[in-house]
Amino acid sequence: MLSCHRKLKIFAGNSNPGLCDEIAAILDTSLVKASVGRFSDGEIRVQIHESIRGADVFVIQSLCRPVHENIMELLIVIDALKRASARSITAVLPYYAYARQDRKSLPREPIAAKMLANLIAAAGATRVLAIDLHAPQIQGFFDIPVDHLKAAPILSRHLEERGLTGCVIVSPDVGGVARARVLAEHLGATLAIVDKRRPKPNISEVMNIIGDVAGKPCVLVDDLVDTAGTIVQAAQALLDRGATSVRACCTHGVLSGPALDRLKASRIEELVITNTIPVTAHDTYDRITVLSVAPLFAEAIRRIYEELSVSILFD
């Protein structure tokens with residue numbers, strides 16, 4: 001139960017209604033009465049059917065497929081809330097699109113993650129709440145406060161229940177070592193790294209395994225699984241070097257293109273993802289486990305609303 005005199009409002013975008021319902025239920029509050037529809041030419045139309053004047057509004061929107069529809073919907077909703085005199089507007093982004101375009105790796109490339117941050121702030125958001133951004137520096141792209149949650153405690157509890165406290169946590173590339181180390185520390189596990197190069201987007205080549213994996217169960221850890229090429233190749237490389245089993249844990253289950261076919265044909269025993277992106281029947285198979293981030297987001301929203309410390313959730 002919430003104990004603040006101000007009004008708390010939860011606005012559910014269309015991208016992840018199941019997660020929005022879970023968060024609202026945990027906070028014991030209802031969703032803002034609103035309709036998000038389309039004109040006949042496809043333009044997005046937002047209508048808010050209750051007063052939100054002076055309220056602290058949390059807009060929950062995963063920027064997943066259809067990416068541009070969901071981004072535009074978020075921006076229009078924020079603008080509507082600002083013009084309706086909301087006291088504050090927090091963009092709750094379980095999945096942040098364009099996060100992989102966080103730097104220029106080649107000449108004449110955009111930094112789309114920064115551009116999107118500018119758009120969200122310009123629309124009127126006063127704070128951002130996200131989880132497991134692809135790169136921590138994305139927080140610095142915003143000129144408004146950002147609370148960056150971690151899914152590691154949720155994933156580690158699941159692995160403990162599976163009896164994997166003695167496993168090897170494996171980063172599928174050098175850039176993900178910090179993320180893998182956090183999970184390894186939660187489990188008291190050892191760490192290994194896949195030395196990988198990526199000649200072009202969505203294509204990777206495993207080069208070497210750094211660390212001892214022979215005779216041990218391994219858990220690959222990444223922020224997202226998109227086409228699944230990276231984790232499938234890394235899993236096979238680990239098995240070739242003597243790993244007894246391989247699981248994969250990824251916060252965001254993008255699962256696009258050939259992902260499901262690759263996973264089904266692989267020797268990965270279990271793929272653990274969260275519901276930051278809704279998992280449809282098309283995206284499921286018997287080795288996928290979906291964990292909920294709703295309790296974590298609900299607690300973060302409660303703490304922001306009641307002006308309490310959120311940093312305790314980062315540990």
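The first residue of the sequence shown is numbered 1, and numbering continues consecutively from there. Both backbone and side-chain heavy atoms feed into the values below; hydrogens, waters and symmetry mates do not.
- Among all heavy-atom pairs drawn from L19 and P94, the shortest one is CD2-CG, 3.7 Å.
- The backbone N or O of A84 lies less than 3.5 Å from no partner atom in the side chain of R53, so there is not a single donor-acceptor pair.
- F297 is linked by a ring-ring contact (aromatic ring centres under 6.0 Å, His included) to nothing, counting only residues two or more places apart in sequence or in another chain.
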Please determine whether side chain to side chain contact (heavy atoms under 4.5 Å, CB included) holds for the pair I304 and R127, giving the CA-CA distance in whole Å, both sets of side-chain angles, and the decisive distance to 0.1 Å. CA-CA 10 Å; I304 293 169; R127 178 181 291 270; 3.8 Å; yes

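- At a threshold of 4.5 Å between non-hydrogen side-chain atoms, the residues L220 and C249 do not count as touching.
- Heavy atoms only, all atoms of each residue included: L183 and A152 are closest at CD1-O, 3.6 Å.
- A single hydrophobic cluster is not seen to contain both M115 and L93; linkage of ILVMFWY side chains at heavy-atom distances under 4.5 Å, directly or through other members, places them apart.
- Residue A122 comes nearest to K82 through the heavy atom pair O-NZ, 4.1 Å, listed as atom of the first residue, atom of the second, then distance.
- Cluster membership check: F58 does not share its hydrophobic cluster with I48, using side-chain heavy-atom separations under 4.5 Å among Ile, Leu, Val, Met, Phe, Trp and Tyr.
- The shortest distance between side-chain heavy atoms of S35 and H49 falls below 4.5 Å.
- For the residue pair E22 and N275, a side-chain donor N or O sits within less than 3.5 Å of a side-chain acceptor on the partner.
- Remark: the backbone N or O of K33 is paired with a side-chain donor or acceptor of E50 at under 3.5 angstrom.
- Side-chain atoms of R262 do not come within 3.5 Å of backbone N or O of P258 as any donor-acceptor pair.
- Atom-to-atom distance recorded for K7:NZ and T29:OG1 is 12.0 Å, nearest 0.5 angstrom.
- F142 pairs with exactly one of N118, L116, V128 by the side chain to side chain contact (heavy atoms under 4.5 Å, CB included) rule, that one being V128.
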Walk me through whether S171 and R179 qualify under side chain to side chain contact (heavy atoms under 4.5 Å, CB included). CA-CA 8 Å; S171 172; R179 183 182 302 109; over 6 Å; no

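- In this structure, CG on D195 lies 10.0 Å from CG on D173, to the nearest 0.5 angstrom.
- Under the 3.5 Å distance criterion, the side-chain polar atoms of Q236 are left unmatched by any main-chain donor or acceptor of Q233.
- Residues L31 and F11 are not in side-chain contact: their nearest non-hydrogen atoms beyond the backbone lie 4.5 Å or more apart.
- The closest side-chain heavy-atom distance from L129 to D147 is below 4.5 Å.
- Within the 4.5 Å cutoff, the side chain of D56 has no heavy atoms near those of the T90 side chain.
- Taking the salt bridge (Lys or Arg N to Asp or Glu O under 4.0 Å) definition, one finds that R157 meets it with nothing, sequence neighbours left out.
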Give the intermediate values and the outcome of side chain to side chain contact (heavy atoms under 4.5 Å, CB included) for residues I10 and V32. CA-CA 6 Å; I10 304 294; V32 170; 5.8 Å; no

Pairs under 3.5 angstrom only: tabulate donor-acceptor contacts from the side chains of residues 38-46 to other protein residues two or more places apart or in another chain.
from : atom 1 : to  : atom 2 : distance (Å)
R38  : NE     : E69 : OE1    : 3.2
R38  : NH2    : E69 : OE1    : 2.6
D41  : OD1    : E43 : N      : 3.1

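- The closest donor-acceptor contact from the side chain of R303 to the backbone of S309 lies under 3.5 Å.
- In summary, E109 and R103 do not engage in a salt bridge, as defined by a charged side-chain N under 4.0 Å from a carboxylate O.
- Among all heavy-atom pairs drawn from P145 and T126, the shortest one is CD-O, 3.4 Å.
- Hydrophobic clustering places L155 together with L149 (ILVMFWY residues linked when any side-chain heavy atoms are closer than 4.5 Å, directly or through intermediates).
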Verdict with reasoning, T289 to L271, per side chain to side chain contact (heavy atoms under 4.5 Å, CB included): CA-CA 6 Å; T289 300; L271 172 64; over 6 Å; no

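- Contact of the R100 side chain with the D226 side chain is registered, since non-hydrogen atoms from C-beta on lie closer than 4.5 Å.
- A donor atom on one side chain and an acceptor atom on the other are not found under 3.5 Å apart for E160 and S156.
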Verify side chain to side chain donor-acceptor pair (under 3.5 Å) between N16 and Q61, making sure each step is shown before the conclusion. CA-CA 7 Å; N16 200 338; Q61 181 81 322; over 6 Å; no

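- Within the hydrophobic cluster formed by Ile, Leu, Val, Met, Phe, Trp and Tyr side chains joined at under 4.5 Å, directly or through other members, V182 stands alone, with no partner residue.
- Q137 and D102 are linked by a side-chain donor-acceptor pair at a separation below 3.5 angstrom, with hydrogens and angles left out of the test.
- If you chain together ILVMFWY residues whose side-chain heavy atoms come under 4.5 Å of each other, Y95 ends up grouped with L224, V254, I277.
- D222 and P172 get closest at one heavy-atom pair: OD2-CG, 3.4 Å.
- Annotation: side chain of I301 is in contact with side chain of I23 (closest heavy-atom distance under 4.5 Å).
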Worked check of side chain to side chain donor-acceptor pair (under 3.5 Å) between T274 and H252: CA-CA 6 Å; T274 74; H252 310 295; 5.2 Å; no

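- Residues L313 and L133 do not share a hydrophobic cluster, clusters being chains of Ile/Leu/Val/Met/Phe/Trp/Tyr side chains in contact below 4.5 Å.
- Between L187 and the options V219, L159, L164, a side chain to side chain contact (heavy atoms under 4.5 Å, CB included) holds for only L159.
- In terms of hydrophobic clustering, with Ile, Leu, Val, Met, Phe, Trp and Tyr side chains grouped at heavy-atom distances under 4.5 Å, I169 and L291 are assigned to a common cluster.
- The closest side-chain donor-acceptor pair between D223 and T251, if any, does not fall under 3.5 angstrom.
- Nearest heavy-atom pair across A112 and Y98 is CB-CD2, 3.6 Å.
- Atom CD1 of I71 sits about 12.0 Å away from atom CD1 of I76, to the nearest 0.5 Å.
- With contacts defined as side-chain heavy-atom distances shorter than 4.5 Å, the pair E299/R302 qualifies.
- For the salt bridge (Lys or Arg N to Asp or Glu O under 4.0 Å) test, residues two or more places apart in sequence or in another chain that qualify with R162 are E270.
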